[in-house]
Amino acid sequence: YPVIDCLHSALYADQMLWWIFNDNGGQHSTTNAEALRMEVHALAYAFQTDNELNDATFCKYDFINRGYSPLTETYVGLYVDVDLGNFDDDYVGSIPAANMGYAYNGTTQNGITFDPQYGENPPIIGTQFLYPIKDENGQAIDMAAFVQTNSGAWETDLINFPDYYNTMQGNWKDGTPITYGGNGFGGSEAHPYMFSDEPSDPNGWSECSENISPYDRNYMISCGPFSMEIGERKSLTIGVYWLRFDEISVCPSVHEVLTEVGNLADAHHQNLVSTSSNETFFNDENKMLEVWPNPASDFLNIKYDKTFFN
């Protein structure tokens, strides 16, 4: 990106990558669904700090409905393949109040069988909807579901788009609600957030309390439902937090520390915005950079207005 004063603009991170993609091209072999014509502007960024955010990564997604009709009852899902060091000894859990999913090691030492590995006192990693999508009234929409799958289940079990849509709503692929306790099947209380209690709580719902064998874990967190008019833009910012301690148990207490890091990330962002002299850097009105056509197949045009920086 052009050289500017990053301390006095909305372009405030120490490292950033920006790209655009859409779902309008190619075959949708994973979901077998029709294209929504959704355009996505993605910005991945990180900060150099002297606290836990130094090991955090953030990604802001701007979704633009380029389709021919409005969208209703819409969900966005983030699929996470954890692989926390050695891939076959992980546990996962969720913190609904913080809009967060996380992973931790299911054994005292990471990497008994495969490399790479962390060895003793392996880290924990959290994935948070730091700034969720907002509804038509400007209110943030909380995490809709957290669903855990074993490696391979996502590809072999979820075949068509209804399977994915049901899962993003906190149901199993056949539409049966996920329930609290055990493996999420057959309970009396619908609960779309799997393993939502502290791993250290023997009376709560976690992979530890259920004595489930650690394995190669994947999970999905979702946000919704919401609507999008033609041409409307919705934004979602995700934080990924990596934390390692001098000592950690197999079934640790992680909810408080992960929530605190999420709060730290929010405070850091708010402080940067409040000290910025140009908070509208990314707004379309500035038109500092224009790219067309979108999508493009064999060529595109780029127009850059250098007077923006004068």
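Note that the coordinates shown come from a computational prediction; the quantities given were computed from them, not determined experimentally. Side-chain atoms are counted along with the backbone in the values below, which use heavy atoms only and exclude waters and symmetry mates.
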Open item on the list: Please report whether the ring centroid of F63 lies less than 6.0 Å from that of H41.
Closed with: no

Task: Proximity of H269 and Y45 rings by center, below 6.0 Å - done: yes

Within a strict 4.5 Å, meaning less than it, do heavy atoms of the [X] and [Y] side chains meet?
X	Y	result
I124	L258	yes
V254	Y102	yes
S196	F146	no
I64	M228	no

So, does [X] use its side chain to make a donor-acceptor pair with the main chain of [Y] at under 3.5 Å?
X	Y	answer
Q169	A144	no
Q128	A98	yes
N137	Q139	no
D197	W205	yes
R244	N121	yes
S206	C208	yes

- [ ] Any chance you could measure I125, atom CD1, to L84, atom CG, to the nearest 0.5 Å?
- [x] 6.5 Å

Task: In one Ile/Leu/Val/Met/Phe/Trp/Tyr side-chain cluster, 4.5 Å: Y75, F161 - done: no

Open item on the list: Working note: Y215 + Y91, criterion ring pair (Phe, Tyr, Trp, His ring centres under 6.0 Å); need CA distance, chi angles, decisive distance, verdict.
Closed with: CA-CA 7 Å; Y215 192 56; Y91 274 160; over 10 Å; no

Open item on the list: With ring pair (Phe, Tyr, Trp, His ring centres under 6.0 Å) as the criterion, how do F195 and Y193 come out once you've worked through the C-alpha distance, each side chain's angles and the decisive distance to 0.1 Å?
Closed with: CA-CA 7 Å; F195 308 122; Y193 314 107; over 10 Å; no

